[in-house]
Every structure is written in structure tokens, then in C-alpha cells.
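Single-structure report; data block below.
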Amino acid sequence: MPRPTVHRAPFGSTHGTPTDLWALDSGTGVRAEILTYGASLHSLTVPDTAGATGSVVRSLTTLDDYTAKHPYFGAVVGRYANRIAHGRFVLDGTEHHIPANDRGHALHGGPDGFHTKVWKAEADRTDDSVSVRLTLHSPDGDMGFPGGLDAAVTYTLDTAGTLAVEYTSVTDRPTVVNLTNHAYFELAGLGDIRGHSLEVDADAYLPVDDDGIPLGAPAEVRGTPFDLTGPRVLAECLGQDDEQLRAAGGFDHCWVLRDSGGGLRRAARLTAPGAARVLEVWTTEPGIQVYTANQLDGSFTDATGRRHERHGAVCLETQHLPDSPNRPDLPSPVLRPGETAHSRTELRFPHLRD
């Protein structure tokens, strides 16, 4: 069996800091490209059932495209993924303020979050996998968050074609942390996600207000467009007359995954039309934000010139639940000195094994 390989290539520089593209190749047909800018998943090439290859994530072309404001294509977002209401939270009696960058709230760590940083990287290889480990130091007060945080994200690609993304963080002061990857998935190369079917292993989700902030306790999905306990074609769900869908323009909601005691379990299964490709997302996180690219409007293009349009992809963001720094009823995102925040998400492609 061919051995997996890893290679590095320059990807330009920003403000005098060079960036690189790391290519992980399974040796069995799957290839991942990772940028040190934003620790971004730039490309994930996966064969379909007929052997044709293509990337299953939507991306941009040049470093200039990534350094310009964009909707987080492939980036690792933090220090706190998703929304913090009004950019404020109280920790140990002290109120902290994060710059608002989304309708008066803090989204994905604020305007200069981890998606705008150049991460350090080092590679590793074994007989059956290759990996790149990216690290970032976020100083005390970065975007208003307390404590110096050392974050690491490791992408590992094995010969079975599974891409694992592992997140770890440590801090020198109490803080909150919630890291995820904001890849836009589209498995068929059609530029439209609505013909895909999606299944989410969750019995509840968080309804949100018009700004995307959770309204209250998790609600049962049964009898709603959010019932993805079995596979459903996304066009069928998105076409329903539902107040939550109207407010967000589609799915932009967090599903509360069935409790696994912190262990790895399946969170979602995305299937292309005709089942030519199948993606399963497995995670240790308590939630998954499903976002059907409601705000894409054709302003961004990929290397082929294809425009990224509304409902052209879906994000499956494994994470802590939104606004949980202000919600003691939800799993806590608090990290204290001496502790390590750790989570693991795996992207599996079962059609490669069938």
C-alpha cells in the first residue's frame, strides 16, 4: 500500500509574515490542504464511487482572498466560535467585552479572531497517517478575552481517508474557549447543497432570535423542519414555512447532540445526490451548528471562477453551544489554569469503504 506523504509550499505573505500550504496525502486517493493562515482547510479531495476526484469543501483562491473579509471559508474560528450575546459575559465576577461584529453581538471570536492569524506549523508522519500541528498564542486581552491562551489544532489524515481535527488549549488565567472549523461542504461539485440529504444525531436544537442568539432551553426537533433524526433532503427542509427558517434564511442553528459522556460519536451524515459521496462527522463536542450558507451571494469565487452562491454548501461546525458563557444551564466552556480543553472531530467517508 502506498505510504501517506506531507509537503509544504509557500502561499504568499501578509504584513511581512510568510504563510504556507501544507498538503497531506493519504496515498489512497484523499488529499487535504491546510493553510497556516487561519489554520484553514483549503481543500479536501475525495474520490466518489466512480473514482472521480474533487474537493468536497468550498474555498478561495489566493492569500489576498483569505486576508480580505470573507465568511470564514475553511477557517478555525476562536477564541469563541459562534455568538456571544452583546459581546459580553461575566466570569468569576468580572465582566468581559468582546468587539461586536454581527448585529451587535460577538461572532467567532470578534473581528480579529483566530481566523485572521498566521499559525505556526510542524508536520509528522507514521506508516499509516500524516499530520500537521498548528499552534497559536493568543495573549491576555486578545479581542477582550481574559488570559493568555495557547491553542493547537492538529489535522491528521490516515490511509483509510479519515481526516481528524484535534483541538487543545491551555490558559494562564480563567477564560472561555470554543474552537471549531468553518468548512463549507458540498459533495457533488454542483454548487448547490439542496439536493444533498442530511441526518443529525440529535433530538433537540436551540431556537434563536432574529440575531441568532438562543432564545431559551433546547426544543425538541420532532414535528419541525429541524427533525433530521433520519436522512432528509435539504430542499424539503428549507422549503417549509417556519418562523425559525424565515428569520435565518435557512439553517443557522445549533443541534444539541445526544450525550456520549465526552466520547467520540457520530454527529451528522451528509449524502450527495445518488450517494456518489458520503460524509460522516464524528465528534466529542456537545453540539453541531448547521449553516446552509444563507448569506453567500456570489461575491466570492474559487480557483475555477465558480461563484459561491446562497445554499451552495453547508457548514457542519462541531462545538460548544452558542452563548454558553452567559448560559449556566448549558455545558460550560470555561477553561482554568492547569486544565486542558480538548476535543476531536473526524471527517469520515464511508463510501470509500463500501
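The neighbour count for D329 CG, taken as heavy atoms of other residues, nucleotides or ligands under 6.0 Å away, is above 12. Summarising the local packing, CZ of R133 is surrounded by 12 or fewer heavy atoms from other residues, nucleotides or ligands at distances under 6.0 Å. Residue-environment remark: CD (E243) stays at or below the threshold of 12 foreign heavy atoms within 6.0 Å.
Listed here is the closest heavy atom pair of S138 and D142: OG-OD2, 2.6 Å. Of all the heavy atoms in G78 and L179, the pair that sits closest is CA-CD2, 3.8 Å. Scanning all heavy atoms of the two residues, the minimum distance from P146 to L91 falls at CG-CD2, 4.4 Å. R327 approaches P214 most closely through the heavy-atom pair NH1-CB, 3.6 Å. Considering all non-hydrogen atoms of both residues, L245 and C237 come closest at CD1-O, 3.2 Å. Across every non-hydrogen atom of A267 and L257, the tightest pair is CB-CD1, 3.7 Å.
Ion pairing between R307 and D297 fails under the 4.0 Å rule for side-chain N and carboxylate O. Salt-bridge formation is not detected for the pair D203/R222: no Lys NZ or Arg NE/NH1/NH2 atom is positioned less than 4.0 Å from an Asp or Glu carboxylate oxygen. Salt bridge annotation for D92-R173: absent, with no cationic side-chain nitrogen under 4.0 angstrom from a carboxylate oxygen.
Taking CG from L24 and CG from D158, the interatomic distance works out to 11.0 Å, rounded to the nearest 0.5 Å. Residue H342 holds its NE2 atom at 3.5 Å from CD of E166, rounded to the nearest 0.5 Å. Between the CZ atom in R58 and the CD1 atom in I193 there is a gap of 9.0 Å [rounded to 0.5 Å]. The CD atom of E220 lies 10.0 Å from the CG atom of D227; values are rounded to the nearest 0.5 Å. The distance from the CD atom of E199 to the OG1 atom of T229 is 7.5 Å, given to the nearest 0.5 Å. For the atom pair CG of L335 and OG of S169, the computed distance is 6.5 Å after rounding to the nearest 0.5 Å.
Connection of L134 to F73 is not established within any shared hydrophobic cluster, with ILVMFWY side chains joined at heavy-atom distances below 4.5 Å, either directly or through further cluster members. L136 and L21 are members of different hydrophobic clusters when ILVMFWY side chains are connected at heavy-atom separations under 4.5 Å. Residue L107 is not grouped with residue F114 when hydrophobic side chains (ILVMFWY) are merged at heavy-atom distances under 4.5 angstrom, including chains of intermediate members. In the hydrophobic clustering of this structure, V200 groups with L238; members are Ile, Leu, Val, Met, Phe, Trp, Tyr whose side-chain heavy atoms approach within less than 4.5 Å, directly or through other members. Side-chain heavy atoms closer than 4.5 Å link hydrophobic residues (I, L, V, M, F, W, Y) into clusters, and following such links, possibly through other members, connects F349 to L198.
Panel note: side chain Q319, backbone G287; no donor-acceptor pair is recorded below 3.5 Å. Formation of a donor-acceptor pair under 3.5 Å by the T67 side chain with backbone atoms of L63 is found in this model. Under the 3.5 Å distance criterion, the side-chain polar atoms of R277 are matched with a main-chain donor or acceptor of V46. Between the side chain of T62 and the main chain of D65, a donor-acceptor pair closer than 3.5 Å is present. Judged by distance alone, with hydrogens and angles left aside, the side-chain atoms of R31 form no donor-acceptor pair with the main-chain N or O of L44 at under 3.5 Å. No donor-acceptor pair under 3.5 Å is formed between the side chain of T19 and the backbone N or O of T36. Listed for the S40 side chain is a donor-acceptor partner under 3.5 Å among the backbone atoms of Y37. Y291 contributes no side-chain N or O that, together with a main-chain N or O of H182, makes up a donor-acceptor pair within less than 3.5 Å. Distance alone, capped at 3.5 Å, places no donor-acceptor pair between the H196 side chain and the A272 backbone. Under a 3.5 Å cut-off, the side chain of R79 and the backbone N or O of M143 do not form any donor-acceptor pair.
Looking only at side-chain heavy atoms (C-beta outward), Y80 and I98 stay at 4.5 Å or farther from each other. Residues Y167 and V177 fail the side-chain proximity criterion, which asks for heavy atoms closer than 4.5 Å. At least one side-chain heavy atom of L352 sits less than 4.5 Å from a side-chain heavy atom of P47. Two residues are said to be in side-chain contact when any heavy atoms from C-beta on lie closer than 4.5 Å; L157 and P4 fail this criterion. By the 4.5 Å heavy-atom criterion applied to side chains, V165 and Y155 are counted as neighbours. Contact annotation: the side chain of I84 approaches that of D323 to within less than 4.5 Å [non-hydrogen atoms, C-beta and beyond]. Taking 4.5 Å as the limit, some side-chain heavy atom of L279 sits within range of a side-chain heavy atom of L347. For the pair L270/L187, a side-chain contact is recorded, criterion being any heavy-atom separation below 4.5 Å from C-beta on.
E346 and T162 form no side-chain donor-acceptor contact under 3.5 Å, judged by distance and modelled atom types alone. When only modelled atom types and interatomic distance are considered, T304 and D302 share a side-chain donor-acceptor pair under 3.5 Å. R83 and H105 share no side-chain donor-acceptor pair at under 3.5 Å. With no hydrogens or angles considered, no side-chain donor-acceptor pair links E309 and H311 at under 3.5 Å. Using modelled atom types, one finds a donor on one side chain and an acceptor on the other under 3.5 Å when comparing T345 with T318.
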| query | side chain to side chain donor-acceptor pair (under 3.5 Å) between T180 and E317: does it pass, once the steps are laid out? | reply | CA-CA 6 Å; T180 193; E317 307 162 50; 5.4 Å; no
| task | Let me see the working for H42 and Y66 under ring-ring contact (aromatic ring centres under 6.0 Å, His included), right down to the final yes or no. | result | CA-CA 10 Å; H42 176 62; Y66 282 101; 5.7 Å; yes
| said: Evaluate W119 against I34 for side chain to side chain contact (heavy atoms under 4.5 Å, CB included), listing each step before the verdict. | reply: CA-CA 11 Å; W119 297 57; I34 316 298; over 6 Å; no
| request: List the steps and the verdict of side chain to side chain contact (heavy atoms under 4.5 Å, CB included) for R3 and D127. | output: CA-CA 6 Å; R3 292 188 64 188; D127 287 341; 3.4 Å; yes
| task | Assess whether side chain to side chain contact (heavy atoms under 4.5 Å, CB included) is satisfied between F11 and W22, documenting all intermediate values. | result | CA-CA 9 Å; F11 198 72; W22 289 83; over 6 Å; no
| query | Are W255 and V221 close enough, and set up right, to give a side chain to side chain contact (heavy atoms under 4.5 Å, CB included), and what steps lead you there? | reply | CA-CA 9 Å; W255 273 251; V221 299; 4.0 Å; yes
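Classification of the F300-H70 ring pair by plane angle, with boundaries at 30° and 60°, yields perpendicular. Taking the six-membered ring where the residue is Trp, Y72 and H115 present perpendicular rings, their angle passing 60° and hence far from 30°. In this structure, F251 and F226 have tilted ring planes: the angle between them lies in the 30° to 60° band.
The only member of R265, R269, R266 that meets salt bridge (Lys or Arg N to Asp or Glu O under 4.0 Å) when paired with D201 is R266.
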